[in-house]
Amino acid sequence: MGMGTMFYIIGALLKTHPPPPVVQGQPPPNPPPASKAMAGLLYIYVCFYSMGWGPLPWVYVSDIFPTRTRHYGLALASSSQWLWNFVVAKVTPQIVRNLGWKIFIMFATVNIGAMGLFSLVIPETKGRSLEEMDIIFGAISADQRQADIEKQARVTETHEKHSSEQSIDRK
């Protein structure tokens with residue numbers, strides 16, 4: 001919410017207080033207070049990003065994949081992250097030329113809309129074990145998971161009983 005709010009404020013400031021034009025051959029004018037405020041708001045935006053969207057994909061992806069496939073999931077997530085960073089970096093200058101101050105309104109709207117959508121679509125994993133992730137994401141039912149656990153417990157119990165009988169026979 002903080003990231004979107006910062007972008008809305010920056011967009012409004014940029015619309016109402018555009019920076020002074022730079023005249024070729026003259027030194028650039030000192031930045032007005034509104035420009036300094038926008039720079040400060042960008043720093044605050046980065047703080048919100050560092051606490052929210054920035055680390056979220058890395059933490060979430062490491063939580064949702066089982067151990068045997070986690071490295072594939074992290075590789076795919078990392079590749080996706082870098083791909084979209086590249087796309088945004090390539091298209092943003094063109095969008096800025098075409099939209100100007102409206103780019104901040106666009107990014108703020110996308111940010112807040114995505115936050116709402118993701119909070120509805122992506123399941124919460126806080127306090128859940130890795131074993132529960134398959135159930136949460138529908139790879140297996142809770143009943144099947146419980147049956148598998150009970151089956152493994154019986155196998156382990158039988159193995160332990162058989163091992164202890166063999167050690168008694170050796171003595």
Check step by step if ring-ring contact (aromatic ring centres under 6.0 Å, His included) holds for F65 and Y72.
CA-CA 9 Å; F65 286 102; Y72 294 120; 9.5 Å; no
Can you list, pair by pair, the side-chain donor-acceptor contacts under 3.5 Å of residues 26-34, counting residues two or more places apart and other chains?
none

Flag yes if more than 12 heavy atoms outside [X] fall under 6.0 Å of its [atom1] atom; otherwise flag no.
X    : atom1 : result
W84  : CH2   : no
M51  : CE    : yes
E157 : CD    : no

Find the distance between [atom1] ([X]) and [atom2] ([Y]) and round it off to the nearest 0.5 Å.
X    : Y    : atom1 : atom2 : value
I149 : Q144 : CD1   : CD    : 10.5 Å
I95  : I103 : CD1   : CD1   : 5.0 Å
N111 : Y45  : CG    : OH    : 6.5 Å
M6   : L42  : CE    : CG    : 10.0 Å

Considering all heavy atoms of both residues, which atom of [X] and which atom of [Y] are nearest to each other, and what is their separation?
X   : Y   : value
P19 : L14 : CD-CD1, 3.6 Å
Q81 : G54 : NE2-O, 4.4 Å
V61 : A77 : CG2-CB, 3.6 Å

With the side chain counted from C-beta on, respond yes when [X] and [Y] share a heavy-atom pair under 4.5 Å apart, and no when they do not.
X    : Y    : result
K15  : F104 : no
M3   : F107 : no
F118 : L56  : no
L13  : S35  : no

Are [X] and [Y] connected, step by step, through hydrophobic side chains (Ile, Leu, Val, Met, Phe, Trp, Tyr) whose heavy atoms are closer than 4.5 Å?
X    : Y   : value
W58  : F86 : no
L99  : V91 : yes
L117 : F7  : yes
I122 : M1  : yes
M115 : V46 : yes

Does the side chain of Y8 come under 3.5 Å of the side chain of T109 through a donor N or O and an acceptor N or O?
yes
Within the side chain of S80, is there an N or O that forms a donor-acceptor pair under 3.5 Å with the backbone of L76?
no
Output all residues satisfying side chain to side chain donor-acceptor pair (under 3.5 Å) with R97, sequence neighbours left out; order by chain, then residue number.
Q94
